[in-house]
Number of protein chains: 2
Amino acid sequence: MVQSIDRAMSIILVLTSDESKTHWSISEIAEKTSLPISTVHRLISSLMKYGLIQQIPETKQYKLGITWMEIGLRILDKIDMRAVARTVMEQLAADVRESVYLNIPDGHDAIVLERVESSMTVRSIDNLGERIPLHIGAANKTILANMEPREAERTVMALIPDPEQQREFMKQLPAIRENGYAVSYGEKTEGTASIAAPIIGYNQRVVGALSIGVPTYRITEELLATLIDRAKQSAKEISKRIGATP
Amino acid sequence: MVQSIDRAMSIILVLTSDESKTHWSISEIAEKTSLPISTVHRLISSLMKYGLIQQIPETKQYKLGITWMEIGLRILDKIDMRAVARTVMEQLAADVRESVYLNIPDGHDAIVLERVESSMTVRSIDNLGERIPLHIGAANKTILANMEPREAERTVMALIPDPEQQREFMKQLPAIRENGYAVSYGEKTEGTASIAAPIIGYNQRVVGALSIGVPTYRITEELLATLIDRAKQSAKEISKRIGATP
DNA sequence: GAAGTCGTTCCACAATACGGAATAATCGAC
DNA sequence: GTCGATTATTCCGTATTGTGGAACGACTTC
């Protein structure tokens, strides 16, 4: 619609086109965009004004400006994980034909932030907004396992009074962290198993967990392997979309 | 030079103007930019094409698009300081149990590049991507103090109009440079003190500043001494690590 | 159901960006 | 140092492009 913006973006596109190349000359850009040099120059001048493109003084070449990062960081800061997760969760639920949940940590509990039910589901297990202590269920355990260890320890100490049980519980966490998933059988709801994987934010911190709830009687070894795989994959997809840098 | 780009950026600017507000209606944007509604609409349509702006289907309102993050992350990737810094920052935050920030200079401001919050933190103070003038706050002052003196002077002259205040301000810089740290009380945020130390790149140039934010009421002389020590130490650690791999 | 308040589309008009060509700056070979 | 080749930058008459008031449509509110 607006030609200048189309052209400006085609220039930006050229600047992002090659991972290894960091700076470009005007004539290179003109050639790649098939625009006249003078036009490229004028557009770049405008873009420079806003820090979208920067000029390297020594070589007079151009590179992407810092504004992209500046605004990008702001978006990362308040990205709505829920909306992002929803898309992925719906796909997953449709594929595996089971209910899918998204939990986020808050204090010593996790809150059920989102739920997608499969058509197969007889009844939904977790209610939206429900608060579940972090040591209960596969989803919450993956959160604990991926939290800052000291904080995890403090949380467990607050949740489990008996020191012996505390130690016993803490033992499982490293493995969960290592494997990238957790499985639980009927911890929260009788007759329901849960397969969970962590969602990691842009700053490498765990921001939630995705889990699949399955009636225990349906589970076979083969299905379990598939579900683990799919849960990990979907959690990673969400992590990526909310800006985690792998 | 190119009007459309100027106008487009003024729209983007509105969308970034308020930290708390995440989505805007066309008429709000039109009013803020003093542009006709139809013009705003046309520009937004073009910007949407590139994911620079997204529309929320339910409310028909607009928000910043993910392209900013996408391109921003590419640039971030090239700044390997961030990855290096994060490790050190997380350790520091865990140890001192306060929030830790990383600022990098750009023009007359610094940008908040990374933030690690302690579990103790009530609320985060600085937002990622936020731009703060270089004469405000301990972190930015350490940057100024370690910049090339002429450039620092030029920056201060641009930021502070009053010549008397300029001179007054410049006086503190040599001491900051000498001591290797700066402390500020509530310069940027009421009730929050900041302890900062410079990060020096492989070419002996200041590339950023690490700072610890502490509620003023928590500060004692003893704690202050510790935090100064830890800030200097961590900043030096980061400097060393980015110096080793230029 | 009328009156507002949004977002969206339309189109005659002229202001705006266009781009070829001239100029300036830079580099390199001899 | 000079000449030529290759950049980046500026200029300016032209017409293509974006402009914005007004009409329309979709919703909400009273």
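These figures come from a predicted structure and were not determined experimentally.
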Determine the contact category for A:Ser4: base if any of its heavy atoms lies under 4.0 Å from a base atom, sugar-phosphate if only primed atoms, P, OP1 or OP2 are that close, otherwise nothing.
sugar-phosphate
B:Ser27 side-chain N/O to C:dT5 phosphate OP1/OP2 under 4.0 Å
no
Is B:Glu28 touching bases, backbone alone, or none of the nucleic acid, heavy atoms closer than 4.0 Å?
nothing
Does the side chain of B:Ser234 come under 3.5 Å of the side chain of B:Glu237 through a donor N or O and an acceptor N or O?
no
Please say whether more than 12 non-hydrogen atoms of neighbouring residues, nucleotides or ligands are located less than 6.0 Å from CD in B:Glu31.
no
Whole-Å gap separating P (D:dT19) and CD1 (B:Ile5):
12 Å
When you measure from the side-chain N and O atoms of B:Thr39 to the phosphate of D:dT19, is any distance below 4.0 Å, counting only OP1 and OP2?
no
Are B:Glu130 and A:Arg74 within salt-bridge range, i.e. N to O under 4.0 Å?
no
For B:Leu35, which contact category applies under a 4.0 Å heavy-atom criterion: base, sugar-phosphate, or nothing?
nothing
Contact class for B:Gln55 (heavy atom, under 4.0 Å): base, sugar-phosphate, or nothing?
sugar-phosphate
Just to confirm, is there a sub-4.0 Å distance from OP1 or OP2 of C:dG19 to any side-chain nitrogen or oxygen of A:Arg7?
yes
Touch class at under 4.0 angstrom, heavy-atom based, for B:Ser38 against every strand present
base
A:His41 has its side chain closest, among D:dT10, C:dG7, C:dT26, to D:dT10
Starting the side chain at C-beta, find the nucleotide from D:dA8, C:dG20, D:dG21 nearest to A:Pro36.
C:dG20
Answer with yes or no whether the side chains of A:Asp95 and A:Gln91 bring together a donor and an acceptor at under 3.5 Å.
yes
Within the 4.0 Å heavy-atom criterion, would you say B:Ser25 contacts the bases, only the backbone, or no part of the nucleic acid?
sugar-phosphate
Interatomic distance, B:Asp6 CG vs C:dA15 P [rounded to whole Å]
18 Å
Report the residue (A:Val2 or A:Gln61) whose heavy-atom-nearest nucleotide on DNA chain D is the more 5′ of the two.
A:Gln61
